[in-house]
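Here the structure is laid out as structure tokens; the discussion comes afterwards.
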Amino acid sequence: MRTLTALLFALTLVLTGCSQESSEPAAQETASQEADGPEDTLPVLGAWESEPIEQSGRRLTLTLSDDNTYVATDGCVELPGRWDLAGGQVRLKPDRDGEVQCGAVADTPVTLPTAFAVEGDRLVPDEGDLVFTKS
């Protein structure tokens with residue numbers, strides 16, 4: 001009986017040690033994923049209004065949705081696409097197939113920068129001068 005008790009005790013220790021070893025890497029992996037994970041997109045979601053566009057004086061509204069799609073529009077021009085947030089930058093990937101340019105604007109098409117730095121309540125382009133402010 002003592003031998004059986006000793007074997008059960010030893011088996012319990014071995015199984016306990018195995019379960020602790022296997023859970024530690026998972027905990028470390030979860031912590032590293034959280035540190036390296038995607039940035040919080042909540043502050044950039046919603047509507048952003050541009051400064052007047054130089055050629056036409058129109059203003060665009062850029063709406064960043066939580067499904068990582070965007071649309072920039074002034075009621076006539078419609079520029080859709082997908083976006084992501086990385087390194088404090090909103091990066092735009094336009095969908096040229098869904099783009100609509102109409103009226104006098106078609107003579108001087110509107111294009112969006114491909115990346116904006118997030119600076120508080122402003123999106124500042126890496127190139128160009130089309131700055132957006134949170135609406």
Nearest 0.5 angstrom please: [X] [atom1] to [Y] [atom2], how far?
{"X": "L60", "Y": "W48", "atom1": "CG", "atom2": "CH2", "value": "15.0 Å"}
{"X": "L79", "Y": "Q101", "atom1": "CG", "atom2": "CD", "value": "5.5 Å"}
{"X": "E127", "Y": "T114", "atom1": "CD", "atom2": "OG1", "value": "6.5 Å"}
{"X": "L130", "Y": "L62", "atom1": "CG", "atom2": "CG", "value": "9.0 Å"}

Testing the basics here: between [X] and [Y], what is the closest heavy-atom pair and its distance to 0.1 Å?
{"X": "L45", "Y": "W83", "value": "CD2-CZ2, 3.5 Å"}
{"X": "A86", "Y": "R91", "value": "CB-NH1, 3.7 Å"}
{"X": "G88", "Y": "L85", "value": "C-CD1, 4.2 Å"}
{"X": "Q89", "Y": "A115", "value": "OE1-CB, 4.1 Å"}

For this session: Mark yes or no for whether R59, through its side chain, and S50, through its backbone, hold a donor-acceptor pair below 3.5 Å.
Result: yes
Exercise. Is a donor on one side and an acceptor on the other found under 3.5 Å between the side chain of E99 and the backbone of P80?
Worked result: no
Problem set entry | Which residues share a side chain to side chain contact (heavy atoms under 4.5 Å, CB included) with D67, sequence neighbours left out | S65, T69
For this session: List in chain and number order the residues that pass side-chain hydrogen bond (donor to acceptor under 3.5 Å, both in side chains) with N68, two or more places apart in sequence or in another chain; answer none if no residue qualifies.
Result: none
Problem set entry | V44 vs V118, side-chain contact (heavy atoms from CB on, under 4.5 Å): CA-CA, chis, key distance, verdict | CA-CA 8 Å; V44 298; V118 179; 3.8 Å; yes
Exercise. Is L92 reachable from I53 through a run of I, L, V, M, F, W or Y residues, each pair having side-chain heavy atoms under 4.5 Å apart?
Worked result: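 Per the 4.5 Å side-chain linkage, I53 and L92 are co-clustered.
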For this session: Walk me through it: do L112 and F132 pass the test side-chain contact (heavy atoms from CB on, under 4.5 Å)?
Result: CA-CA 11 Å; L112 292 173; F132 285 84; 4.1 Å; yes
Exercise. How about L64 and V90: do any of their side-chain heavy atoms sit closer than 4.5 Å?
Worked result: yes
Exercise. Residues two or more places apart in sequence or in another chain: which of them pass salt bridge (Lys or Arg N to Asp or Glu O under 4.0 Å) with R82?
Worked result: none
Problem set entry | From CA spacing to verdict: side-chain contact (heavy atoms from CB on, under 4.5 Å), T133, D121 | CA-CA 6 Å; T133 305; D121 65 345; 4.2 Å; yes
Exercise. Any Lys/Arg nitrogen of D74 or R58 sitting under 4.0 Å from an Asp/Glu carboxylate oxygen of the other?
Worked result: yes
